[in-house]
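Since the model is a prediction, treat every value here as computed from it, not as a measurement.
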Amino acid sequence: MSRFPLDVLIDTFYLLPVKTLLRFRALSKSFCSLIDGPDFIKHHLEHSLSTKSRLILILKGLHLYTVDLDSLDKAIPFSEYPESIWGGTEVFGSCNGLLALSNSDQDFLLFNPSTRKLFKLPVEIIELPNDSCIRGFVFSGFGYDHVNDDYKVVRMVRFKQDEDDNIGWFSEYEVKVFSLKTNSWSRIKKLPNYLRFMFQFYFHLMHRRGYGVYACGVLHWVLPRRPELGVGNLIVAFDLVDEEFRVLPQPDYVKVDVWVMKEYGVKESWSKLFSIERSRSISSFRFLKPLAYSKGCGDGDGRDKILLDVNGEKLVWYDWKRKRLKTVRIKGAPDSFGTFLCVESLIPLIDEKKQQRQEKKRNHNRKKRDDFLSKGFKLVL
Amino acid sequence: MSKLGQAKRIIFLKTADGQLFEVDEPVAMEFEIVKSFFDENEDAADDTVVPLPNVSAEPLAGIIEFCKAHVEFRANGAAGKDEVKKFNAEYIKEKSNEQLKELILAANYLNIKEMLDFLTETIANRLKNKSVEYVRAFFGIENDFTPQEEEAVRKEYEWAFEGVDED
């Protein structure tokens with residue numbers, strides 16, 4: 001390549017934005033295959049995640065907007081909308097630079113906003129268990145299965161006896177999982193009993209609480225208290241690796257606190273970050289979503305802040321040590337929004353190598369056929 | 001490590017172009033290659049001259065300046081603070097691309113992790129908005145695409161070629 005040490009050069013490339021790297025594919029053949037290579041893509045992503053760099057905030061209002069997390073200055077509408085993304089498109093998940101989008105309960109898409117590549121999932125119909133029941137609320141989620149290096153979409157459909165059936169005594173569930181690697185859906189047969197109580201009308205509809213929260217290879221939904229059924233608060237977890245449901249242990253909280261689980265699945269590892277104090281900026285919150293820590297958080301300089309989405313109406317930086325709040329004003333942001341954190345990544349949505357091989361094979365077969373035909377012609381001549 | 005207790009030990013370094021540098025021990029020990037030289041030769045005399053056949057005087061002087069400042073920052077508990085950022089920005093501001101490359105080659109050979117991290121970050125910042133042609137010249141990359149192949153690669157992500165700085 002050059003007398004510049006290759007390992008230093010690659011280390012430098014891990015620091016570059018995705019747009020730059022897509023341009024640098026044109027440097028030479030070896031750079032093109034370096035940047036397209038799975039190892040490079042993986043390390044580039046790991047570097048961004050570990051240094052909290054190249055993070056973007058996605059705002060879903062009437063349109064989709066991106067905001068640079070470092071500056072949080074202005075909301076930029078998605079520049080090149082692929083045709084299948086429009087105002088009604090919902091974001092229901094974000095993982096490793098990929099966004100999971102839905103236009104309806106059967107029209108799902110995966111989109112990498114950094115490479116602008118889009119992948120449409122095959123349509124999977126919702127099968128009604130019997131003719132008399134109707135479709136109820138649909139939960140969805142998206143995440144990464146680190147064991148099989150696969151991205152998965154989960155769709156859970158609750159069925160109702162009729163429109164007024166909001167209790168869920170007899171309701172059935174259909175849970176289906178899509179695997180990007182195999183490009184196919186499969187149905188999960190083993191469903192736990194508590195799943196049938198997992199719906200409370202306003203709770204899941206408001207603030208996009210029906211969308212699974214991804215962490216450590218697992219998707220999570222909150223099953224709110226249903227005193228009339230004797231059900232307490234539960235965190236329902238769906239493991240994307242073994243594709244099974246379980247219940248996540250919770251801390252013993254008393255009021256509205258923000259807790260962090262330091263070691264996944266370990267009840268004792270929950271530690272309280274802060275309690276929500278009454279204050280002017282978040283005195284009347286109905287919904288609070290922690291989005292990100294400030295850069296340099298935890299390095300002891302006392303500036304430990306967390307970015308919060310309050311009611312889907314405003315963003316605030318909360319300094320929990322000094323108990324100070326600062327409202328963030330983003331130019332061009334919609335009045336109400338859903339928030340998703342997304343990292344820039346080169347993660348591809350289709351296996352291009354595999355596609356090229358198939359293409360090559362097709363061309364090869366075509367060539368064989370042409371050769372055969374031309375030979376045949378020669379014989380005739 | 002000093003045999004004379006409180007007295008400051010000086011390390012002697014000799015560059016490829018024959019210049020002798022006298023460097024305070026803590027600064028010289030920032031260079032992994034110098035550190036392992038003394039680890040491997042425990043009974044080396046105090047006035048041993050460490051040969052650096054791959055480094056010339058100019059980048060070495062620059063590297064010593066950088067490491068000296070950073071050793072002091074750490075001693076003063078200023079590591080990671082704005083003061084360090086300010087120093088780094090001043091330090092690199094006047095360096096040309098050629099000087100930057102010389103520094104990288106030397107820092108890579110001497111194996112100084114902190115400085116390498118800083119230099120790669122500087123290069124990444126200088127190159128992120130540059131054109132393909134600029135970057136080829138910067139690293140001395142030979143373009144082995146045919147014009148048709150290059151055209152096809154560029155077409156795949158045409159929008160990534162917009163908004164590029166003038167060379």
Side-chain angles (χ1 to χ4, degrees), chain A residues 1-36 44 47-48 50-51 53-54 76 78-82 112-117 295-303 344 346 348 352 355-356, chain B residues 54 77-82 85 97 100-109 111 113 116-147 149-165:
Chain A
M1 273 186 188
S2 63
R3 84 182 182 102
F4 201 88
L6 186 62
D7 52 343
V8 180
L9 191 145
I10 294 175
D11 283 346
T12 309
F13 274 35
Y14 290 148
L15 308 177
L16 291 170
V18 168
K19 186 184 173 190
T20 306
L21 290 168
L22 294 176
R23 184 164 69 245
F24 289 0
R25 291 170 79 248
L27 286 170
S28 75
K29 282 180 186 167
S30 40
F31 275 96
C32 189
S33 39
L34 170 81
I35 294 166
D36 286 345
H44 179 259
H47 184 273
S48 305
S50 67
T51 56
S53 44
R54 290 187 294 274
I76 305 163
F78 271 35
S79 47
E80 298 278 321
Y81 269 68
N112 181 332
S114 316
T115 62
R116 302 186 187 175
K117 292 277 184 195
K295 260 195 181 165
C297 189
D299 68 2
D301 69 352
R303 281 180 294 186
E344 268 196 24
L346 287 157
E352 295 195 16
Q355 227 184 21
Q356 277 164 12
Chain B
N54 287 322
K81 295 258 167 79
D82 290 346
K85 282 180 200 152
N97 281 347
L100 188 57
K101 276 190 273 185
E102 288 299 326
L103 282 175
I104 283 232
L105 291 176
N108 188 46
Y109 169 72
N111 197 357
K113 194 177 176 308
L116 263 179
D117 286 349
F118 167 63
L119 293 173
T120 47
E121 200 185 315
T122 305
I123 294 198
N125 281 330
R126 283 195 189 180
L127 297 184
K128 68 180 176 195
N129 289 322
K130 296 292 183 191
S131 71
V132 168
E133 292 75 14
Y134 183 97
V135 176
R136 275 185 196 140
F138 185 93
F139 289 117
I141 297 164
E142 197 193 326
N143 176 19
D144 53 358
F145 284 121
T146 64
E149 283 170 339
E150 188 177 339
E151 182 62 32
V153 171
R154 282 175 184 256
K155 252 206 140 84
E156 280 177 71
Y157 297 96
E158 248 173 337
W159 52 270
F161 294 81
E162 292 161 8
V164 172
D165 292 349

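- Heavy atoms closer than 4.5 Å to chain A are found in the side chain of B:Glu149, but not in its backbone.
- Between A:Phe4 and B:Phe138, the angle of the ring planes lies from 30° to 60°, which puts this pair in the tilted group.
- Atoms CG and CG, from B:Leu119 and A:Asp11 in turn, are 12.0 Å apart once rounded to the nearest 0.5 Å.
- Interface remark: B:Glu102 contributes side-chain atoms only to the contact with chain A (heavy atom separation under 4.5 Å).
- Note: A:Leu15 CG to B:Leu127 CG = 11.0 Å, rounded to the nearest 0.5 Å.
- There is no contact between A:Tyr14 and chain B, counting heavy-atom distances below 4.5 Å.
- Highest contact tally toward chain A, considering only B:Val135, B:Asn129, B:Val153, B:Asp144, is held by B:Asp144 [criterion: heavy-atom pairs under 4.5 Å].
- Here the CZ atom belonging to A:Phe13 is positioned 12.0 Å from the OG1 atom belonging to B:Thr120, to the nearest 0.5 angstrom.
- Interface remark: A:Ser114 contributes backbone atoms only to the contact with chain B (heavy atom separation under 4.5 Å).
- A donor-acceptor pair under 3.5 Å links the side-chain atoms of A:Arg23 to the main chain of B:Lys130, judged by distance alone.
- The backbone N or O of A:Lys19 sits nowhere less than 3.5 Å from a side-chain atom of B:Lys128 that would complete a donor-acceptor pair.
- In terms of heavy-atom proximity, A:Phe24 sits nearest to B:Ser131 at CE1-O, 4.5 Å.
- B:Tyr157 and A:Lys117 get closest at one heavy-atom pair: OH-CE, 3.2 Å.
- To the nearest 0.5 angstrom, B:Glu121 atom CD is 9.0 Å from A:Thr51 atom OG1.
- The shortest non-hydrogen separation linking A:Ala26 to B:Phe161 is CB-CZ, 4.1 Å.
- Minimum interatomic distance between B:Ala124 and A:Leu16 (heavy atoms only, all atoms of both residues): O-CD2, 3.5 Å.
- Across A:Val8, A:Thr115, A:Leu27, A:Thr12, the residue that shares the most heavy-atom pairs under 4.5 angstrom with chain B is A:Leu27.
- Interface remark: B:Asn108 contributes side-chain atoms only to the contact with chain A (heavy atom separation under 4.5 Å).
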